Asker: 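The structure's right below; bear with me while I get my questions together.
Position 1 is the first residue of the sequence, and the numbers go up from there. Note that ligands are numbered from 1 as they come in the structure, with each ligand's atoms numbered from 1 the same way. Since we're looking at a predicted model, the values are computed, not measured.
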Amino acid sequence: MKKTLFLKPTVENISSAAKIINNNGLVAFPTETVYGLGANALSSKAVRKIFVAKGRPCDNPLIVHCASKKEVYKLAKDIPLYAKLLMNKFWPGPLTLVLKKKAIVPKEVTGGLDTVAVRMPANKIALALIKAAGVPIAAPSANLSGKPSPTNVKHVFDDLNGRIDAIIDGGKTKIGVESTVLDLTTNPPTLLRPGKISIEELESVIGLIALHTSVKGKVKSPGMKYKHYSPKAQIIIAKNQLEIKKIVAKFKNKKIAIFRLNKHQNTIAKNLFAYLREFDKKHIDIIICEPLDKISKKGIGLAVLDRLKRAAGKL
Ligand code: TXA
Ligand code: MG
């Protein structure tokens, strides 16, 4: 087992973490959405280690994180006007754009696809790390594959201590669900994963976008076909309050928790993954989630619904 350094986000420590990246090591760092597990995106050797540390299937591509918009032009080609408009409006921020890749991006990053996903995170520590490393950083969420994404440093530690070189502590992440992923290689662009930047916001800039079938219900895009966000407990989404009572009665020998949904969607998003991990710590067998009709399909609500349904194995 390797010794994982636990770093406070000082200038010195960020520079040490950047050296680790430059030596093909792995560093977990905070973003505004969830923690990422970073490696030099231009090094096949470094990127391969991400898949090993997470236990992630090799055909599930990674997001490349940049510290400026201009870096995107080194990684991607045939960049449409749409992309420029979106970068100007939403970057730095929780929006990932899928573009045609250039040869400089190793196939390990893109799972063999001819496209690359890029984003510029809105987090000072993440941006400082990318700048100090001087290379773009490939980073999936810093959890073991299949587990809920990490929204604080303790979650990263629980999953990856001893498997990676360093973790930078940036406290609790602001948003709590992963970035919106938009594929700009299709016409119209396709929403692959809902996030904080909503369909309505995207459409206000570029007009109509299509919903990927995985967002609508079926599974197709690379990352969406794998089991996600799953706590050990079984999650049952109740259709109404009466059903909650019935399920409690049916499973009276099991350890049951009821997942009460906050009325503010941003608050649900921020705490969702932490709650799922808490239930595991308490060895809950069955999580009964309140009916989802309180959650709007607009704004970040769509992302919350997506993650909850996936956690319940319903997508
Ligand atoms: O907020 C986030 O996006 C976080 C932070 C760390 O930036 N990252 C994250 O990465 O959630 P990950 O690997 O857990 O999710 C990346 C998603 C996956 O669903 C993957 O399939 C999709 O993006 N993706 C990456 N590259 C793609 C590509 N070239 N084409 C289609 N989908 C792609
Ligand atoms: Mg992930």
Asker: Looking only at distances, can you tell me whether any N or O atom of Arg119, backbone or side chain, sits closer than 3.5 Å to an N or O atom of ligand 1?
Answerer: yes
Asker: Which ligand 1 atoms are under 4.0 Å away from a heavy-atom of Ile63?
Answerer: 3 (O), 8 (N), 9 (C), 10 (O), 16 (C)
Asker: Is the shortest N/O to N/O distance between Thr96 and ligand 1 below 3.5 Å?
Answerer: no
Asker: Before you tell me yes or no, could you show the steps for Phe273 and Arg307 under side chain to side chain contact (heavy atoms under 4.5 Å, CB included), namely the whole-Å CA-CA distance, both residues' side-chain angles and the distance that decides it to 0.1 Å?
Answerer: CA-CA 9 Å; Phe273 293 141; Arg307 306 312 188 268; 4.0 Å; yes
Asker: Any idea which atoms of ligand 1 are less than 4.0 Å away from a heavy-atom of Leu113?
Answerer: 28 (C), 29 (N), 30 (N)
Asker: How does Leu62 reach ligand 1, by side chain, by backbone, by both or by neither, if only non-hydrogen atoms under 4.0 Å count?
Answerer: backbone
Asker: Has Val98 got any heavy atom lying under 4.0 angstrom from an atom of ligand 1?
Answerer: yes
Asker: Between the Mg ion (ligand 2) and Ser141, is there an N, O or S atom separated by less than 2.8 Å?
Answerer: yes
Asker: Of the side chain and backbone of Asn60, name the one, both, or neither that has a heavy atom under 4.0 Å from an atom of ligand 1.
Answerer: side chain
Asker: Under 3.5 Å, is there a donor-acceptor pair between the Arg119 and Thr31 side chains?
Answerer: yes
Asker: Does Leu7 reach the side chain of Asp169, with side-chain heavy atoms less than 4.5 Å apart?
Answerer: no
Asker: Could you walk me through whether Leu272 and Leu308 pass side chain to side chain contact (heavy atoms under 4.5 Å, CB included), step by step?
Answerer: CA-CA 8 Å; Leu272 176 61; Leu308 272 171; 3.7 Å; yes
Asker: Taking 4.0 angstrom as the limit and counting only heavy atoms of Gly36, give me the atoms of ligand 1 inside it, by number and element.
Answerer: 6 (C)
Asker: Would you indicate whether Lys2, at its atom NZ, is surrounded by more than 12 heavy atoms from other residues, nucleotides or ligands within a distance under 6.0 Å?
Answerer: yes
Asker: Can you tell me which portion of Lys101 lies within the under-4.0 Å heavy-atom range of ligand 1? Options are side chain, backbone, both, or neither.
Answerer: neither
Asker: Identify which of Pro150, Pro121, Pro61 has a heavy atom lying nearest to atom 33 (C) of ligand 1.
Answerer: Pro61
Asker: Measure Thr115 to ligand 1 on non-hydrogen atoms and call it side chain, backbone, both or neither using the 4.0 Å cut-off.
Answerer: both
Asker: Is there a polar contact between ligand 1 and Ser179, counting only N or O atoms under 3.5 Å apart?
Answerer: yes
Asker: Which atoms from ligand 1 have a heavy atom of Ser141 less than 4.0 Å away?
Answerer: 8 (N), 9 (C), 10 (O), 12 (P), 14 (O)
Asker: Just wondering, are more than 12 heavy atoms of other shown residues or ligands nearer than 6.0 Å to CD in Glu200?
Answerer: yes
Asker: Checking contacts here: is it the side chain or the backbone of Arg56 that comes within 4.0 Å of ligand 1, counting heavy atoms only? Could be both or neither.
Answerer: side chain
Asker: I need the atoms of ligand 1 closer than 4.0 Å to a non-hydrogen atom of Leu192, numbered in the order shown.
Answerer: 31 (C), 32 (N)
Asker: Does the side chain of Tyr73 reach to within under 4.5 Å of the side chain of Ile79, using non-hydrogen atoms?
Answerer: yes
Asker: Just checking, any donor-acceptor pair under 3.5 angstrom between side chains of Glu201 and Ser198?
Answerer: yes
Asker: Which ligand 1 atoms does His65 reach within 4.0 Å, using its non-hydrogen atoms?
Answerer: 5 (C), 6 (C), 7 (O)
Asker: Compute the ring centroids of Phe259 and Tyr275, then answer whether they are less than 6.0 Å apart.
Answerer: yes
Asker: Would you call Lys297 and Leu305 a side-chain contact if the rule is heavy atoms closer than 4.5 Å?
Answerer: yes
